[in-house]
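Order of listing sets the numbers, starting from 1, for every ligand and every atom in it.
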Amino acid sequence: MKIKTGDKVKILQGKDKGKQGKIIQVMLKDNKVVVEGVNLYIKHVKPKREREKGQRVEFPAPMDVSKVMFVCPRCAKAARVGHKVLENGKRVRICGKCEDVV
Ligand SMILES: [Zn+2]
């Protein structure tokens, strides 16, 4: 997967289409990501004790990685992520638009 935790992404599909957010979790096995403040669902938490009220907790649900696109922190454009091998043999990610290392 080309996207990693902390990356900014743009939502391409679903109820939050067009929004941008930060990746807070990457689930490599499922090809899913969790984006901060996006794809929010409400979970009802039952009261643990008597007299306590149940709570509604909002949480971002995992979404398919194909529904998000990387946003370059340098040029702020949604871009494809490319790779480049540096002279020292290190592999780095580059922005498909401005070709800066990201
Ligand atoms: Zn860029």
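Within a 6.0 Å radius of NZ in Lys22, no more than 12 heavy atoms belonging to other residues, nucleotides or ligands are found. Other residues, nucleotides and ligands contribute at most 12 non-hydrogen atoms within 6.0 Å of the NZ atom of Lys48.
Between Asp30 and Pro62, every side-chain heavy-atom pair lies at or beyond the 4.5 Å cut-off.
Near-neighbour remark for the Zn ion (ligand 1): protein N, O or S atoms under 2.8 Å are Cys72 SG, Cys75 SG, Cys95 SG, Cys98 SG; waters not counted.
Here the rule is side-chain contact (heavy atoms from CB on, under 4.5 Å) with Val33, and of Leu28, Asp7, Asn39, Val65 only Val65 fits it. For the side chain to side chain donor-acceptor pair (under 3.5 Å) test with Gln20, the passing option among Lys10, Glu36, Lys8 is Lys8; the others fail.
In this structure, Lys67 does not pair ionically with Asp16, as no charged nitrogen and carboxylate oxygen lie closer than 4.0 Å.
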